[in-house]
Amino acid sequence: MDFGALFGSFDNFASFTMGGLVFGAIYALIALGYTMVYGVLQLINFAHSEVFMYGTFAVAWTFVLLHGTGDANWSLGKALPILLVALVAAMLASAAIALVLERVAYRPLINKNAPKLIALISAIGASFALSEAMGLRDRFAKWLGVDDNLANYVSPKKARDVYTNPVTIEPHKLFEVGGYNVTDVDLVIVLAALVMMFALDQFVRRTRFGRGIRAVAQDPESAALMGVNSTRVVQVTFLIGGLMAGVAATLYMMKIGATRQSAGFLLGVKAFTAAVMGGIGNLRGALLGGLVLGVMESWGAAIWGNEWRDVVAFILLVLILLVRPSGLLGEALGKARA
Amino acid sequence: MIRSNKSVRRIVALAGVAALSLTAACGSSDDGDKSSSGGKSDLCGKNIAFLGALTGDAGALGQNMVNGIELALKEYNDKNADCKINLKKFDSQGSPDTAPGLATQIVNDDSIFGLVGPGFSGESLATGKTFFEAGLPSISPSATNVTITQQGWSTWHRVIGNDDAQGKADAKYLTTTAGAKKVFVIDDGQDYSKGLAGTVKTALGSALADSDQISVGQTDMSAAVTKVKASGADAVFYGGYYTEAGLLAKALRQGGFKGTFMSGDGSEDPNFVKVAGAAAAEGAVLSAPAGPAPSGFGATGLYATQAYDATNIFLAAVKDGKSSAKDINDFIGSFTGDGVSGPVAFDDKGDIKESKIYAYFVKGGKLDVDNPTAME
């Protein structure tokens, strides 16, 4: 154990904390998807990690389409125009996958009043199917006879390999917090996560549709009797989760720049943990949970070594749930007051 | 005491021969020409097995190997239409937990006369005994952990140098050629990576600044970067594969680390540069116990050349009219030839005899695969 690594100097402490916050912000955005769907349906949408993963591919594909495959090193400012297009593409792609999921993997089950556990299994199955479909995209392209035309997108024979954004976004140091170079990319990630979170929170609290979501979350039957179209509400919930995952995917690709068919899994587990930690079904909880998880992982890595980061994160989760069984903020989506 | 006692090995090998010749007898009784010279081998129409990761996180590496195997088989089958050899693929996902079940399937499949694989060190250690006891000859294109060939499995071979030589060469390169005073060593916790990083750590001695371990699939390298910077290291060695290596190199440069970044054969792939980005990858040194693939070689990717060579050794055995498992194993043991990955010959443990370690450099935003420097 090496507490000196973390607390030895303020420099290191600030550095570990900042590094954790940046990833925590990405966890938080993905966690929103889990928490929204859980809030409305009391269902854990395990395939949400793949919704995110398709978003990351949409970002990389947009860059390949608009820039080409030549390696380049751009500043954030130079990449911004394509990045904005990529953001839209990722949001659309993720939202589309989320809607397809809802239609194919959940609605038939919900319509038949299947137990929640069945939907959970369906979610896990959908997750595998989506991930493997991405890993087999070269074969699908071959069947359709377009593998030559789309070689840059489907990576024939290498579809399972890491897929990179040809444009590396070079972060620029803005200022330094105790030895950690806070870059423009880091700042955009944290700010974007906060803004999206605030906007979503306001949407759920203040708009007519948000009221519908809260109504269905509280009591689906009464909401239906009051004239809320609950199918539509569930659809919109999935849609919003997908849009947020698309934003997270864009931020992730800004920072990491590489994805693969299995990229969603680990982040999905982390984001789900963040959602539970903050109080699943609670939007603000997702933000808090994401940031806390990111920072705790980083501290854990500092004290016990990187191989213990996940252990630290999950022990923390257990401890929090022991004291507060419904998570840090613990309030469900339906009880949020306008 | 590295080799197990001879008589046991012979009995096991004989049992393997007996099992194989039973099935071979049925095939050869009709046409009668028992592979004297130029005749059809009993192995025509039979299969080579591949055991390794085809799906899962490491699926890309296994796919590279299959590309190499398929290229060798295609070249052979085009020339020998009357004696085709086919490939049976077994997907272990690179997992030492999955591989043993598949190994049992492979040794019980009478149509399989040789194995290209296992792909990784962990699964090799988990399955070596099964293959050895069944007498099935195997050649791994990529498992480099030192301990595998110390188990006395006489059927096990590899066409790639082990981690011991590479780790020592890497440590020497860092402290002498690169002139590093303090080296920070990181690995991803897998058998291969820990083995290689461990050798480097030992060989570095007092030049080791500190070490850390990340996990496969991890993308947030910020904590590792902070530790490297806090240790004051002027070089980083990473034991692992190219995705994490690329992400680590990128995070290190973005975090302001200016020293040498070095990694081993698991990272020697153009994707390392793609993941890290050209600027962050510039100047990185990647060692590998294999020379460059000849130009125009039809299968790309890390380990494709080794898999191609391994397959060709089996095919040479077929051409030579070998049919029993023991004959094939002896043939492999005494094989000498030049493969696309370098000269191939095995010592009595199954390790490749001659394996030069090369240092590959990232120059001008590209991994320069054609001009490596031979290392000491």
Side-chain angles (χ1 to χ4, degrees), chain A residues 2 4-6 8-9 11-12 15-16 18-20 22-23 26 71-73 132 135-136 157-171 173 179-181 183 185 252 255-263 265-267 270 294 297-302 305-310, chain B residues 53-64 66-67 70 186-189 210-227 229-231 241-244 246-247 250-251 253-256 269 271-282 299-301 365-366:
Chain A
D2 181 16
L6 179 57
S9 73
D11 276 16
N12 284 354
S15 196
F16 283 118
M18 292 301 298
V22 173
F23 256 80
I26 294 176
D71 281 334
N73 230 326
E132 290 302 314
L136 293 168
K157 294 207 164 185
K158 296 219 158 230
R160 308 190 70 86
D161 210 337
V162 60
Y163 189 83
T164 52
N165 183 347
V167 175
T168 304
I169 296 171
E170 194 64 37
K173 182 177 150 184
Y180 183 85
N181 297 339
T183 63
V185 170
Y252 175 85
K255 175 94 180 156
I256 301 300
T259 184
R260 64 195 312 168
Q261 125 277 351
S262 60
F265 177 74
L266 198 62
L267 276 168
K270 295 288 172 62
E297 271 186 357
S298 192
W299 287 358
N306 252 307
E307 65 267 43
W308 293 97
R309 60 190 298 142
D310 297 344
Chain B
L54 290 172
T55 61
D57 275 348
L61 288 170
Q63 195 58 53
N64 291 344
V66 167
N67 291 348
E70 283 178 340
I186 303 174
D187 68 73
D188 70 7
D210 203 351
S211 59
D212 197 5
Q213 186 177 314
I214 60 164
S215 48
V216 178
Q218 182 177 331
T219 47
D220 174 13
M221 302 293 175
S222 59
V225 171
T226 304
K227 285 186 164 186
K229 286 175 70 188
S231 75
Y241 293 95
Y242 51 82
T243 307
E244 287 80 20
L247 294 175
K250 184 178 187 177
R253 295 288 180 236
Q254 292 182 352
D269 188 288
N271 268 328
F272 165 76
V273 184
K274 280 194 170 178
V275 174
E282 191 70 22
T300 57
K366 264 210 260 304

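Reminder, nothing fancy here: chain letters follow the sequence lines and each chain counts from 1.
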Checklist outcome for this item: By side-chain contact (heavy atoms from CB on, under 4.5 Å), B:Ala281 pairs with (sequence neighbours left out) B:Phe272, B:Val273, B:Ala276, B:Val362
Checklist entry - Side chains of B:Tyr242 and A:Asp161: donor-acceptor distance under 3.5 Å anywhere? => result yes
Next on the checklist: For B:Leu247, which atoms come within 4.5 Å of any heavy atom of chain A: side chain, backbone, both, or neither?
Outcome noted: side chain
Next on the checklist: Given heavy-atom pairs under 4.5 angstrom as the criterion, report whether the side chain, backbone, both or neither of A:Tyr252 touches chain B.
Outcome noted: side chain
Checklist outcome for this item: Okay, A:Ile26 and chain B: the region with an atom under 4.5 Å from a heavy atom over there is neither
Checklist entry - Which of the residues B:Ser211, B:Gly256, B:Gly365, B:Ala223 is involved in the greatest number of heavy-atom pairs with chain A at under 4.5 angstrom? => result B:Ala223
Checklist entry - Where on B:Lys250 is there a heavy atom nearer than 4.5 Å to chain A: the side chain, the backbone, both, or neither? => result side chain
Next on the checklist: Donor-acceptor check, side chain of B:Lys227 to backbone of A:Ala301, threshold 3.5 angstrom: yes or no?
Outcome noted: yes
Checklist entry - A:Ile256 versus chain B, heavy atoms under 4.5 Å apart: side chain, backbone, both or neither? => result both
Item to check | Contact check, side chains of B:Met221 and B:Ile214, non-hydrogen atoms, under 4.5 Å | outcome: yes
Checklist entry - Step by step, would you call B:Asp187 with B:Gln213 a side-chain contact (heavy atoms from CB on, under 4.5 Å)? => result CA-CA 5 Å; B:Asp187 68 73; B:Gln213 186 177 314; 3.5 Å; yes
Item to check | Residues in side-chain contact (heavy atoms from CB on, under 4.5 Å) contact with B:Lys366, at least two apart in sequence or another chain | outcome: none
Item to check | B:Gln254 portion near chain A, given a 4.5 angstrom heavy-atom threshold | outcome: both
Next on the checklist: With a 4.5 angstrom heavy-atom cut-off, is it the side chain or the backbone of B:Thr219 that approaches chain A, or both, or neither?
Outcome noted: both
Item to check | Contacting region of B:Leu61 [heavy-atom separation from chain A under 4.5 Å] | outcome: neither
Item to check | Which portion of B:Asn67 sits near chain A, non-hydrogen atoms under 4.5 angstrom | outcome: side chain
Checklist entry - In terms of heavy-atom proximity below 4.5 Å to chain A, should B:Asp188 be classed as side chain, backbone, both, or neither? => result neither
Item to check | Whether over 12 other heavy atoms sit under 6.0 Å from A:Lys255 NZ | outcome: yes
Checklist entry - Minimum heavy-atom separation for B:Ser222 to A:Gly19, with atom names? => result OG-CA, 3.5 Å
